[in-house]
Amino acid sequence: MQELTAEVVVAGAGPTGLMLANELALAGVDVLVLERMHERTGLSKALNLQPRTAEVLDLRGLLPRARDRSFATVADGHFAVIPVPYTGWDTRHPYQLGIPQAEVEAALEERLAEQGVKVRRGHELTNFVQDADGVTVTAGDLRIRAAYLVGCDGGRSGVRKALNMSFEGIEGQGHGVAADVLFKSTPPNAPTQWRSMTNMVTSQSPGKFIGVIPLAEPNLYRISFGDRLNRPANLRADVTDEEVHQAVTERFGAEVEIAEIRWASRFSDDSRLAETYKVGRVLLAGDAAHTHFPAGGQGLNLGVQDAMNLGWKLAAELNNRAAAGLLDTYESERRTVAKQVLDNIAAQNALIPTTPNQLALRALFRDLTTLPEVQHHLSGMVSGLNIRYATEETHSATGTRLPDFPLPSGNQASTLFHKGNWVLLTKTPTPNPHTEVLVAEVPELPWPDLEKILVRPDGYIANTTGETTAWLT
Ligand SMILES: Cc1cc2nc3c(=O)[nH]c(=O)nc-3n(C[C@H](O)[C@H](O)[C@H](O)COP(=O)(O)OP(=O)(O)OC[C@H]3O[C@@H](n4cnc5c(N)ncnc54)[C@H](O)[C@@H]3O)c2cc1C
């Protein structure tokens with residue numbers, strides 16, 4: 001048995017674990033990442049980055065490398081398969097970036113390696129024991145003593161289960177299948193590029209849905225289909241070729257020929273949320289803390305943003321710079337966001353009609369989505385742009401994200417956050433309130449009535465006074 005030490009052990013090198021490890025490494029934390037798989041499969045469940053995730057990656061200078069690995073820029077999001085443009089949001093990224101999950105992971109792992117952290121692949125966390133001072137983690141031939149363990153080990157999280165944590169929510173009735181299908185030629189009326197959610201997904205008979213997204217390779221499509229009312233006895237059963245052929249025939253007709261089914265997997269429409277995100281020195285993030293039906297393309301995005309919220313707080317705690325209770329705000333902020341996502345997904349599920357009355361309701365809802373205010377509201381939810389963390393201040397800016405804007409230098413304000421620091425934006429010379437803060441004088445702020453704003457490392461506005469004492473010691 002090899003004995004190691006680290007400040008934080010991250011279990012799982014999916015998008016959440018990799019983002020978290022990057023954030024911790026950036027803050028100088030000694031982080032060790034365990035991943036049970038020997039290598040990435042290269043297969044992707046998620047296919048998109050939402051606008052807020054694009055902004056979050058931009059705060060760390062990571063967006064260009066995600067863009068290099070992307071295959072599409074999609075003008076709108078969707079809510080229950082009804083397209084919703086990102087209307088009225090002050091963002092430089094009012095689009096979904098079409099990028100396979102495997103490419104997001106590759107980009108994050110590449111940056112992590114540049115920071116000197118190598119993922120320990122082929123190392124499955126099998127056990128951990130925590131005490132007042134730390135956690136002892138066992139993974140294969142490794143025994144690691146760390147101050148904290150973060151379970152980023154996905155929906156079936158062994159870390160969460162070992163904590164005996166309740167993982168309650170809505171038990172769905174239905175299921176879905178995601179399959180990457182290569183056709184012999186382009187199916188009739190199928191889009192050849194993913195530019196919009198319009199016409200991407202078509203509801204069929206009651207309770208059924210089918211979505212078609214063109215991928216990077218010619219004639220390769222993600223076909224997502226399912227039934228809101230029925231699920232197989234075994235949700236882990238292999239997807240049969242016949243199921244995929246049947247869905248394709250329903251959507252495109254019997255004459256369409258499949259060359260290859262590259263990958264197919266089932267998913268459920270259950271929604272679950274961990275009772276707490278922190279038990280002593282063990283925390284949960286990403287799918288380990290919340291799972292849901294992949295409606296609207298939100299799960300990976302939620303996980304990456306969990307990591308962005310947790311990273312700087314955990315680093316401040318380890319560096320003895322966190323004000324009392326700072327780490328607890330990870331749960332109060334991010335569990336609230338996850339609950340909101342689970343609620344919007346429940347609403348989306350209800351909008352896939354199974355009865356004539358629901359069909360009429362959906363038609364009415366679709367009409368409403370042509371109103372700019374409704375588009376703004378719905379796209380704010382699925383994009384993550386509407387997140388507002390609770391604060392004591394009442395100004396509408398506090399708790400919201402800082403919209404990116406150009407600085408007199410010609411750089412964007414987002415570049416001030418590349419090192420994971422706090423930023424005090426001020427119109428008048430102001431003394432630096434804390435060593436972790438970068439003070440930047442700016443001629444204007446996105447809120448003309450404000451003189452200064454203190455922005456957290458994750459890009460959310462802490463306050464309009466510039467006081468750090470509620471957050472940092
Ligand atoms: C069909 C489908 C389509 C989806 N589409 C989208 C989409 O378009 N947009 C979107 O945002 N989301 C989508 N999602 C959701 C998204 O895929 C997940 O939310 C995302 O994978 C969560 O990332 P994660 O890092 O938290 O967990 P995971 O990606 O599950 O990663 C967990 C990692 O932990 C490792 N691991 C597990 N146990 C251990 C252990 N004991 N020790 C060490 N390592 C361990 C696993 O091997 C894995 O690498 C979709 C999901 C499905 C099922």
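Note that ligands are numbered from 1 as they come in the structure, with each ligand's atoms numbered from 1 the same way. Values below: every heavy atom of this structure, side chains too, minus hydrogens, waters and symmetry copies.
With a 4.5 Å cut-off on side-chain heavy atoms, Trp89 and Asn386 count as touching. Gln298 has its side chain within reach of Gln348: a pair of non-hydrogen atoms, C-beta onward, lies under 4.5 Å apart. Side-chain contact between Asp133 and Arg145: present, with at least one pair of heavy atoms (C-beta onward) separated by less than 4.5 Å. A 4.5 Å side-chain heavy-atom check between Ser196 and Asp76 finds at least one atom pair inside the cut-off. Using a 4.5 Å heavy-atom cutoff, the side chains of Val56 and Asp458 are not in contact. At a threshold of 4.5 Å between non-hydrogen side-chain atoms, the residues His418 and Arg60 do not count as touching.
Closest to atom 13 (C) of ligand 1, if we only count protein heavy atoms, is Ala46 CB, 3.4 Å. Of the protein's non-hydrogen atoms, the one nearest atom 24 (P) of ligand 1 is Thr16 OG1, 3.3 Å. Distance from atom 46 (C) of ligand 1 to its nearest protein heavy atom, with residue and atom name: Glu35 OE2, 3.5 Å. What sits closest to atom 27 (O) of ligand 1 on the protein, heavy atoms only, is Gly154 CA, 3.7 Å. In terms of protein heavy-atom proximity, atom 19 (O) of ligand 1 is nearest to Asp287 OD1, 2.7 Å. Atom 31 (O) of ligand 1 has its closest protein heavy atom at Gly14 CA, 3.5 Å. Atom 34 (O) of ligand 1 has as its closest protein heavy atom Gly12 CA, 3.2 Å.
When atom types are taken as modelled, the side chain of Glu35 and the backbone of Met37 share a donor-acceptor pair closer than 3.5 angstrom.
Annotation for ligand 1: atoms under 4.0 Å from non-hydrogen atoms of Ala178 are 1 (C). In the vicinity of His123, heavy-atom distances shorter than 4.0 Å reach the ligand 1 atoms 43 (C). Distances below 4.0 Å separate heavy atoms of Phe267 from the following atoms of ligand 1: 1 (C), 53 (C). Per-residue contacts place Leu47 under 4.0 angstrom from the following atoms of ligand 1 (heavy atoms of the residue considered): 7 (C), 8 (O). Applying the 4.0 Å criterion to heavy atoms of Gly299 picks out, from ligand 1, the atoms 10 (C), 11 (O), 12 (N), 19 (O).
Contact annotation for Gln101 and ligand 1: only side-chain heavy atoms (C-beta onward) come within less than 4.0 Å of the ligand. Contact annotation: for Cys152 versus ligand 1, heavy atoms closer than 4.0 Å belong to the backbone alone. Residue contacts with ligand 1, taken as heavy atom pairs separated by less than 4.0 Å, do not involve Arg156 at all.
For the residue pair Thr53/Gln50, the side-chain donor-acceptor check at 3.5 Å is not satisfied. The closest side-chain donor-acceptor pair between Gln101 and Glu105 falls under 3.5 angstrom. Judged by distance alone, the side chains of Glu333 and Thr329 never bring a donor and an acceptor atom under 3.5 Å apart.
Polar contact check, Arg222 against ligand 1: no nitrogen or oxygen pair lies under 3.5 Å apart. At least one N or O atom of Asn301 sits closer than 3.5 Å to an N or O atom of ligand 1. Checking only distances, Pro294 never comes within under 3.5 Å of ligand 1, N or O to N or O. Residue Leu125 has at least one N or O atom closer than 3.5 Å to an N or O atom of ligand 1.
The side-chain tip of Arg160 points at the ring of Phe167 from less than 6.0 angstrom away and within 45° of straight on.
In this structure, the ring of Phe293 has its center less than 6.0 angstrom from the ring center of Phe267.
Checking Leu300, Leu34, Asn48, Asp153 against atom 9 (N) of ligand 1, the nearest heavy atom belongs to Asn48. With distances taken over non-hydrogen atoms, the option nearest atom 23 (O) of ligand 1 out of Pro15, Gly303, Gly286 is Pro15. In this comparison of Arg36, Lys45, Arg40, the heavy atom closest to atom 53 (C) of ligand 1 sits on Lys45.
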**Report entry** Candidate pair Trp263 and Val239, rule side-chain contact (heavy atoms from CB on, under 4.5 Å), full reasoning
**Finding:** CA-CA 9 Å; Trp263 170 78; Val239 178; over 6 Å; no
